[in-house]
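Reading through the structure tokens given below for one structure.
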Number of protein chains: 2
Amino acid sequence: MDRRQRKTRDAIFRAFTGLLSQKEFHRITVGEIIERADIGRATFYAHFETKDDLLNDLCEELFCHIVDTEQSTEPQHHHIFEGDCSESAFLHLFEHLQNNDHNLVSLLSSYNNELFMRYFKNHLEQMVSQHRSLFASRKSDTVPDDFWIHHITSTLSDTILWWIHNGMKEPPKIITGYFFSVL
Amino acid sequence: MDRRQRKTRDAIFRAFTGLLSQKEFHRITVGEIIERADIGRATFYAHFETKDDLLNDLCEELFCHIVDTEQSTEPQHHHIFEGDCSESAFLHLFEHLQNNDHNLVSLLSSYNNELFMRYFKNHLEQMVSQHRSLFASRKSDTVPDDFWIHHITSTLSDTILWWIHNGMKEPPKIITGYFFSVL
DNA sequence: TTCTATACAGAACACATCGTTCACAAACAG
DNA sequence: CTGTTTGTGAACGATGTGTTCTGTATAGAA
């Protein structure tokens, strides 16, 4: 990819995430984005069809990034964590949010938008499904499987949002404990 | 209140809820609303400052309605329900959604918006707080009170949304059962 | 380095939507 | 009937959108 393209694309993303942490998505104008990114109007539309397109691409990028770091750093932590080794995946998620992914946290804490939350929950549901066996013992026989998976995912998502909105005061280990305590 | 005011106000609400079940809030224009409500542009702005204002008022109206019917119909069901009598409040909520409140269900099932969900969750949190004692025995000592209340509320909200998005196939009693099974 | 393709700048454009204004008509209350 | 309130319809400036154009600068290949 052309170096120029990369530069402007990054500039647009930076400007956009900055604005997203300040105001709701639908209150952000293309004019603000290009002013902050210091690019021409036509340039913006050369890269993205609409504002929604930009948001889509940003989501893709953010969650690609999460998956990458999860897979690359998880093995290192496996032997450090002294509990159930499958639980470490979730502990690691909380740690990652606290230490690395300020962009993601900033988006989750501010005016969240529908599309972004959909991406987020999809990602969490994938993760929960992968570790399904971990929760099997906690499941009551009276609820169907799809409801159960949905419930775990929702609880994880709501726990993360509660944590972030309360300033992430609790250390990741404690939050992970909360999460498993209520299941 | 003037009969004319009531008529136009209702016409605006009808047009607005109809449109809300078809498309996202921020894609709805004032032009569409007044065309569907068959009123003049100036009339709309005589009743509501902005589109957001209209949404606000609609939310107020919807949740006032829920509270009214809850309080008026609950006593009749108390002696019919054979389980714990506090659980009947939640059973009743599910029944009410299935039988009476098509407007609310339609809004919850379609493109939901931030403001509307905030109202909804606030209402549920009030309800959960009122019946706090019902959940005390299920609470683990390791989680703090505020997290516990938040978790119950989220679970209730997510259960309702899951139910609606799956076509409300399960009878209210079953769903109430699911809700209490996962706590 | 030189050449060529392509990305960007900057301005102008038509278009849609917003929220306001005003003069006039219709419905209301006493 | 009479004065007041409410709705009508058209027009307005302001703001944002997405496109188009010409000229310039830069990347990457020869």
Side-chain angles (χ1 to χ4, degrees), chain A residues 1-61 107 110-116 118, chain B residues 1-61 107 110-116 118:
Chain A
M1 193 189 223
D2 197 314
R3 185 190 306 142
R4 288 171 296 180
Q5 281 194 32
R6 250 185 295 121
K7 273 179 65 176
T8 47
R9 204 180 151 85
D10 283 356
I12 292 175
F13 275 142
R14 262 198 309 279
F16 185 52
T17 51
L19 288 166
L20 265 179
S21 66
Q22 289 177 5
K23 48 168 77 173
E24 298 176 67
F25 170 71
H26 71 274
R27 296 221 181 283
I28 297 173
T29 69
V30 177
E32 288 174 308
I33 299 174
I34 65 176
E35 191 197 8
R36 196 161 163 154
D38 195 29
I39 59 163
R41 185 169 194 77
T43 309
F44 176 88
Y45 285 103
H47 282 261
F48 305 96
E49 275 194 22
T50 69
K51 239 173 47 189
D52 299 74
D53 231 52
L54 168 58
L55 180 60
N56 244 304
D57 284 18
L58 176 64
C59 289
E60 298 275 10
E61 196 130 311
L107 286 186
S110 63
Y111 309 92
N112 13 14
N113 46 305
E114 208 40 50
L115 179 64
F116 186 69
R118 218 172 3 248
Chain B
M1 194 189 224
D2 198 312
R3 185 188 306 140
R4 289 170 296 178
Q5 279 194 35
R6 248 184 299 119
K7 272 180 66 177
T8 46
R9 204 181 152 84
D10 283 357
I12 292 175
F13 274 142
R14 261 199 309 279
F16 185 51
T17 51
L19 288 167
L20 266 179
S21 67
Q22 289 176 7
K23 46 170 79 174
E24 298 176 67
F25 170 71
H26 71 275
R27 296 221 181 283
I28 298 174
T29 69
V30 177
E32 288 174 307
I33 299 174
I34 65 175
E35 190 198 9
R36 197 163 165 151
D38 195 28
I39 58 162
R41 185 171 193 76
T43 309
F44 177 88
Y45 285 104
H47 283 259
F48 304 97
E49 275 195 24
T50 68
K51 240 172 47 189
D52 299 73
D53 230 52
L54 168 57
L55 180 60
N56 244 304
D57 283 18
L58 176 64
C59 289
E60 299 274 11
E61 196 130 309
L107 287 185
S110 62
Y111 308 91
N112 15 15
N113 45 306
E114 207 41 50
L115 180 63
F116 186 69
R118 216 172 6 245

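Just so we're on the same page: letters track the sequence lines, and every chain starts at 1. All of these numbers come straight from a predicted model, not from anything done at the bench.
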Starting at CD of Glu35(B) and ending at P of dT17(C), how long is that distance when rounded to a whole Å? 11 Å

dT26(D) base to Arg3(A) side chain: any donor-acceptor pair below 3.5 Å? no

Can you tell me how far P of dA26(C) sits from CG of Asp2(B), to the nearest Å? 17 Å

Please state whether the phosphate of dG19(C), meaning OP1 or OP2, lies under 4.0 angstrom from any side-chain nitrogen or oxygen of Tyr45(B). yes

Any N or O donor-acceptor pair under 3.5 Å from the base of dG10(C) to the side chain of Arg41(A)? no

Taking five pairs at each end, how big is the angle between the two axes of the helix from dT1(C)-dA30(D) to dG30(C)-dC1(D), to 10°? 30°

If you draw a 6.0 Å radius around CD in Gln5(B), do more than 12 non-hydrogen atoms from other residues or ligands fall strictly inside? yes

NA contact type, Glu49(A), heavy-atom cut-off 4.0 Å: base, sugar-phosphate, or nothing? nothing

Give the nucleotide from the list dC8(C), dC28(C), dG7(D) with an atom nearest to the side chain of Thr8(B). dG7(D)

His47(B) side chain N/O closer than 4.0 Å to the phosphate oxygens (OP1, OP2) of dG7(D)? yes

Side chain of Val30(A) only, heavy atoms from C-beta on: which candidate in dA9(C), dA10(D), dG18(D) is closest? dG18(D)

Listed partners of Arg36(B) passing salt bridge (charged side-chain N to carboxylate O under 4.0 Å, His left out), at least two apart: none

Say whether, by atom type as modelled, one donor and one acceptor occur between the side chain of Thr17(A) and the main chain of Phe13(A) under 3.5 angstrom. yes

Pick base, sugar-phosphate or nothing for Ala46(A), based on heavy-atom distances below 4.0 Å to the nucleic acid. nothing

Donor/acceptor link under 3.5 angstrom from Arg4(B) side chain onto base of dA27(C): yes

Restricting to non-hydrogen atoms, name the atom on Ile33(B) and the atom on Phe16(B) that form the minimum distance, rounded to 0.1 Å. CD1-CD1, 3.9 Å

Rounded to whole Å, how long is the line connecting atom CG of Asp10(B) with atom P of dG7(D)? 12 Å

